[in-house]
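As structure tokens, the structure follows; a few thoughts come after it.
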Amino acid sequence: MRVCVVGSGAREHALACALAPTADVVVTPGNPGIALEPGVEVTAMAPEQVAADLVVVGPEAPLVGGLADRLRAAGTPVLGPGADGARLEGSKAFMKRLVADAGVPTARWASVERIDEARAFLRRLPGPYVVKTDGLASGKGVLVTDGLAEAEADAAAKLAGRSFGDAGRRVVLEEGLVGEELSLLVLCDGERVAALPAAQDHKRLLDGDTGPNTGGMGAFSPVPSATPEVVEEVMARIVVPTVAELARRHVDYRGVLYAGLMLTSDGPKLIEYNVRFGDPEAEVVLPRCRGDLAALLLAVADGRLEGPPGVSADASVAVVCAARGYPHAPETGARVEGLAEAAAVDGVRVLHAGTRLDADGTVRVAGGRVVVVQAVGASLEAACARADEAVGAIHFDGMQVRHDIARRVPARAAAEGPGGPLVREARR
Ligand code: AMP
Ligand code: GLY
């Protein structure tokens with residue numbers, strides 16, 4: 001089977017590595033690290049031009065832009081929803097209305113276009129306050145704050161088009177949820193759903209969950225608080241009703257439905273949906289999946305999902321090495337050193353994200369998230385120790401890295417139970 005992966009980040013690098021054992025993989029446009037993987041080819045051809053038995057779309061923007069619709073119209077199976085389903089991520093206001101119709105537990109919210117409406121809604125909330133751009137902003141268009149004045153000022157800047165251009169001209173305001181975050185990536189073939197192992201992302205730039213929100217600075221899996229009961233509750237109260245509501249609206253959703261969740265004292269609540277694999281969640285979830293991933297993803301694309309993949313008992317951790325100035329204004333150009341030494345650490349893979357290659361073989365910083373160190377081990381501690389060793393070998397001017405990825409995991413012992421991930425009929 002020939003699988004085309006669309007994208008150029010560490011998520012697509014992880015996908016290429018996970019698919020390569022059972023498929024010929026071609027990645028467009030890929031990156032210098034992907035190009036070095038055995039059995040993987042990179043190409044500058046558009047996805048529509050690549051002859052493939054399956055296309056796996058990494059990022060959200062092409063899905064929102066209708067890439068999956070165009071490929072399906074040409075007869076190619078695709079892992080990724082059409083533009084209709086991709087609106088779940090492309091418009092937060094659309095997503096909030098849809099899940100409200102489906103009765104899904106989520107934060108109280110309002111969608112506003114005027115600052116006086118924004119102020120009136122925010123002043124009715126107890127805080128913390130959340131201000132989001134309605135449109136796509138790579139996970140960076142979200143402010144979470146305890147300060148009402150800060151929330152109002154942020155809403156004003158977004159609505160005026162100052163901070164995010166047109167993506168911010170409509171703003172979604174939310175009640176801030178408090179609890180532990182969880183990412184559950186669910187395969188959905190239009191009718192049936194199957195959860196992949198749960199992961200936790202670290203969204204803030206700095207240690208101790210401080211600093212601005214980013215696209216994600218690291219992740220780990222398994223997550224001790226994601227017990228089988230919690231996963232079952234998320235599937236039953238959040239994922240299945242959402243897929244049923246999509247089907248009611250004639251949306252044939254085939255791809256990854258990524259539920260971003262908060263485990264609150266009131267039970268799990270939905271924060272957001274993404275319509276693709278998470279980044280860096282894919283980097284920790286895919287290495288734990290067993291079996292033929294290409295065949296599994298093709299079954300999803302073809303509407304014949306039979307069940308979840310096998311899951312390894314290993315733990316996995318991903319640590320992002322980011323450029324100076326990330327997330328607001330990453331500085332590019334610095335020379336990246338130590339990648340080979342890092343990759344030589346047992347159980348470690350160095351995935352490229354924002355890199356470029358000079359003619360003389362020098363790797364340079366070319367984006368905000370530069371490389372991702374992914375490590376597996378018999379426990380989270382063992383995986384973290386390997387990741388630390390590998391991160392210690394990597395160097396570039398201005399490198400930003402968190403040192404507490406997977407380190408604040410609550411001591412609750414329960415791991416994923418023997419039931420493992422679930423398969424559910426989504427049809428009503
Ligand atoms: P989103 O782009 O909607 O995923 O938001 C990005 C991040 O902001 C989330 O992963 C959370 O860390 C945080 N966040 C978003 N909405 C809320 C909320 N209602 N309560 C608390 N934190 C939130
Ligand atoms: N890690 C968050 C995302 O992929 O959106």
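Count residues from 1 along the sequence. Counting starts at 1 for both ligands and their atoms, in listed order.
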Can you find a non-hydrogen atom of G176 under 4.0 Å from ligand 1?
yes
contact_flag R204 ligand 1 heavy-atom lt 4.0 Å
no
Could you check whether [X] pairs with [Y] (Lys NZ or Arg NE/NH1/NH2 to Asp/Glu carboxylate O, under 4.0 Å)?
{"X": "R72", "Y": "D252", "value": "no"}
{"X": "R123", "Y": "E152", "value": "yes"}
{"X": "R248", "Y": "E245", "value": "yes"}
{"X": "D101", "Y": "R97", "value": "no"}

Should you measure from each heavy atom of [X], which atoms of ligand 1 turn up under 4.0 Å away?
{"X": "A107", "result": "19 (N)"}
{"X": "E272", "result": "1 (P), 2 (O), 3 (O), 4 (O)"}
{"X": "E175", "result": "18 (C), 19 (N), 20 (N)"}
{"X": "N213", "result": "8 (O)"}

What pairs of residues pass the salt bridge (Lys or Arg N to Asp or Glu O under 4.0 Å) test when at least one of them lies in residues 257-270, not counting sequence neighbours?
D266-K269
If only atom types and distance count, is the side chain of D189 paired as donor or acceptor with the main-chain N or O of R192 below 3.5 Å?
yes
Ligand 2 atoms in contact with [X] (distance to a heavy atom under 4.0 Å):
{"X": "G278", "value": "4 (O)"}
{"X": "P280", "value": "1 (N)"}
{"X": "D201", "value": "1 (N), 2 (C)"}
{"X": "G215", "value": "1 (N), 2 (C)"}
{"X": "K203", "value": "2 (C)"}

Side chain to side chain contact (heavy atoms under 4.5 Å, CB included) involving A323 - partner list, sequence neighbours excluded:
P330, V365, V370
Measure the shortest side-chain to side-chain distance between E272 and V142 over non-hydrogen atoms and say whether it is less than 4.5 angstrom.
no
Side chain to side chain contact (heavy atoms under 4.5 Å, CB included) partner of V6, chosen from V55, V50, V27:
V55
Determine, for F94 and R87, whether the Lys NZ or Arg CZ falls below 6.0 Å from the six-membered ring centre while staying within 45 degrees of the axis.
yes
Would Y258 count as a contact residue for ligand 2, given that I'm defining contact as a non-hydrogen atom of the residue lying under 4.0 Å from a ligand atom?
yes
Considering only heavy atoms, does M262 approach ligand 1 within less than 4.0 Å through its side chain, its backbone, both, or neither?
side chain
Where does L177 meet ligand 1, judged by heavy-atom distances below 4.0 Å: at the side chain, the backbone, both, or neither?
both
Who's closest to atom 5 (O) of ligand 2 heavy-atom-wise, of E60, R276, R11, Q200?
R276
